[in-house]
Amino acid sequence: MIKVIASDMDGTLLNSKIQVDAEGVKAIEMARAKGIHFVLCTGRMYDDATQLINHANLYAPAICMNGAEIRDEHGKILKQIPIEEASARYTYQVLKDLGMYCEFFTDIGPISPNKDKGIELMKEIQRKVHPDLSAEEIHRYVEERFESKDVHVIDDPERLFRNKDITILKFIAFSSDQAVLKKAKDTLESEGNLAISSSFSDNIEITHIDAQKGLSLQYYVERMGVTMDETFAIGDNFNDVSMLKMAGYSVAMGNAEPAVKKLAKHVTDSNDEHGVATAIHKILETNN
């Protein structure tokens with residue numbers, strides 16, 4: 001019997017317009033009315049994630065930054081799993097040597113060591129992903145990304161590493177070159193204390209080895225007296241793999257990466273076809 005539903009956001013609960021699917025919200029509320037708990041499992045930071053779901057009148061506890069932070073329904077931090085200083089320094093040096101643009105996700109918000117480089121790289125990526133958009137539209141989209149996420153800029157990351165009052169929870173790094181992404185992934189995985197995943201084809205996401213969606217979801221549900229066998233997980237990309245593997249009932253979106261679909265027990269419709277709602281309705285039909 002399913003007692004907890006855990007959903008990814010980008011590519012899953014959010015449609016291609018980066019909006020919460022209204023049909024999904026209705027299905028979640030229907031599940032809640034039947035006593036099933038709902039929790040977000042996202043790569044996003046807490047404020048970023050809740051701004052999007054609250055706009056749709058959906059309020060929920062959240063496992064953020066791929067598992068590096070766990071918050072209850074009131075926003076209280078239940079657990080944080082930071083990247084240790086030595087690993088953070090190593091990670092930044094590897095990404096810098098490979099010429100990648102990265103951002104630090106910290107307990108005071110996102111931090112960029114080179115905003116200008118980030119803007120140019122984001123424009124390049126957007127031109128490839130959305131060739132139909134004009135240069136002006138792409139420029140506006142990228143500028144709004146940095147403004148809406150309130151990205152702080154720090155010229156010398158060494159100051160960040162030395163500051164004991166700031167906790168680094170996640171790195172996100174971008175490249176339009178798949179060979180560079182693979183080299184970064186392979187190099188960082190060999191460090192031994194890091195978990196490497198991705199949420200889109202142009203990025204990698206780095207957290208502490210214990211900060212993974214599946215492990216943090218297990219921690220969260222067990223606090224409630226629920227097992228992973230009683231948990232439903234739904235997602236679309238490689239940062240969802242750990243929870244899809246560990247959940248008793250796992251669903252991949254119709255728009256999910258092919259390899260992710262193979263790992264899930266079921267596949268639903270895409271994020272633009274109410275896939276989350278469809279999957280929830282299906283489990284409610286047999287949940288007893």
Side-chain angles (χ1 to χ4, degrees), residues 1-10 12-13 24 27-47 49-50 53 58-84 105 107 167 169-170 192-197 199 205-253 260 263-266 268 276 279-280 282-284 286-288:
M1 182 175 180
I2 297 302
K3 297 180 180 179
V4 175
I5 294 172
S7 176
D8 170 51
M9 290 187 68
D10 290 275
T12 304
L13 188 62
I28 290 165
E29 295 302 343
M30 185 179 296
R32 282 173 163 170
K34 294 180 179 293
I36 298 174
H37 193 79
F38 176 79
V39 58
L40 293 170
C41 283
T42 178
R44 290 175 179 262
M45 301 186 74
Y46 179 75
D47 288 346
T50 53
I53 66 164
L58 177 64
Y59 302 86
I63 293 169
C64 305
M65 293 174 275
N66 293 345
E69 183 176 84
I70 305 170
R71 299 213 190 198
D72 68 13
E73 61 272 23
H74 305 296
K76 178 183 177 181
I77 297 173
L78 302 177
K79 187 177 183 180
Q80 284 185 333
I81 309 171
I83 299 175
E84 296 165 355
F105 282 18
D107 56 348
T167 302
L169 295 159
K170 172 184 158 181
N193 293 313
L194 299 168
I196 319 300
S197 62
S199 54
E205 301 182 344
I206 305 106
T207 54
H208 187 281
I209 190 69
D210 295 330
Q212 301 182 50
K213 287 187 179 184
L215 295 174
S216 291
L217 178 59
Q218 181 179 37
Y219 171 87
Y220 182 81
V221 301
E222 287 182 351
R223 287 182 86 254
M224 302 171 56
V226 175
T227 69
M228 287 298 283
D229 285 341
E230 299 170 305
T231 302
F232 165 125
I234 183 167
D236 75 302
N237 223 305
F238 293 104
N239 61 343
D240 300 314
V241 165
S242 61
M243 69 173 182
L244 293 177
K245 283 184 174 180
M246 294 175 67
Y249 190 93
S250 59
V251 180
M253 299 297 292
V260 175
L263 292 170
K265 294 182 176 69
H266 307 276
T268 186
V276 169
I280 291 176
K282 183 175 180 179
I283 195 65
L284 291 180
T286 58
N287 198 48
N288 51 50

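Between Y220 atom OH and K79 atom NZ the span is 14.0 Å, to the nearest 0.5 Å. Expressed to the nearest 0.5 Å, how far CD of E84 lies from CG of N193 amounts to 5.5 Å. Atoms CD1 and CD1, on I70 and I77 in that order, are 11.0 Å from each other to the nearest 0.5 Å. Here M246 contributes atom CE and S216 contributes atom OG; the two are 9.5 Å apart, rounded to the nearest 0.5 Å. How far CE of M243 is from CG of L263: 12.5 Å, rounded to the nearest 0.5 Å. In this structure, CD on Q218 lies 11.5 Å from CD on Q212, to the nearest 0.5 angstrom.
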- [ ] Please lay out, stage by stage, how L13 and I28 fare under the test side chain to side chain contact (heavy atoms under 4.5 Å, CB included).
- [x] CA-CA 10 Å; L13 188 62; I28 290 165; 4.0 Å; yes
Task: L169 vs Q80, side chain to side chain contact (heavy atoms under 4.5 Å, CB included): CA-CA, chis, key distance, verdict - done: CA-CA 8 Å; L169 295 159; Q80 284 185 333; 3.9 Å; yes
- [ ] Begin from the C-alpha positions of L284 and I36 and carry the test side chain to side chain contact (heavy atoms under 4.5 Å, CB included) through to its verdict.
- [x] CA-CA 10 Å; L284 291 180; I36 298 174; 3.6 Å; yes
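Nearest heavy atoms, L215 versus I209: CD1-O, 4.0 Å. The heavy-atom pair separating A233 from L244 by the smallest distance is O-CD2, 3.5 Å. Contact detail for R32 and L58: the closest heavy-atom pair is NH1-CD1, 3.7 Å. A pairwise comparison of heavy atoms in Y219 and L78 identifies OH-O, 3.9 Å as the closest pair. Residue T227 comes nearest to T231 through the heavy atom pair O-OG1, 3.0 Å, listed as atom of the first residue, atom of the second, then distance. When all heavy atoms of C41 and A6 are compared, the closest pair comes out as SG-CB, 3.9 Å.
A heavy-atom distance below 4.5 Å is found between the side chains of K282 and Y249. With contacts defined as side-chain heavy-atom distances shorter than 4.5 Å, the pair M224/V4 qualifies. Side-chain atoms of F238 and V260, non-hydrogen and from C-beta on, do get closer than 4.5 Å to each other. Proximity of V221 to H37: side-chain heavy atoms (C-beta onward) are nowhere separated by under 4.5 Å. Taking the side chain as every heavy atom from C-beta outward, I234 and V276 approach each other to under 4.5 Å.
D107 places a side-chain N or O within 3.5 Å of a backbone atom of T167 that can act as its donor or acceptor partner. Judged by distance alone, with hydrogens and angles left aside, the side-chain atoms of T42 form no donor-acceptor pair with the main-chain N or O of C64 at under 3.5 Å.
Screening residues 65-74 for salt bridge (charged side-chain N to carboxylate O under 4.0 Å, His left out) gives E69-R71 as the qualifying pairs, with residues at least two apart or on separate chains. Under the salt bridge (charged side-chain N to carboxylate O under 4.0 Å, His left out) criterion, the residue pairs touching residues 227-239 are K3-E230, with sequence neighbours excluded. Among residues at least two apart or in separate chains, salt bridge (charged side-chain N to carboxylate O under 4.0 Å, His left out) pairs with a member in residues 207-225 are D8-K213, K213-D240.
Other residues, nucleotides and ligands contribute over 12 non-hydrogen atoms within 6.0 Å of the NZ atom of K265.
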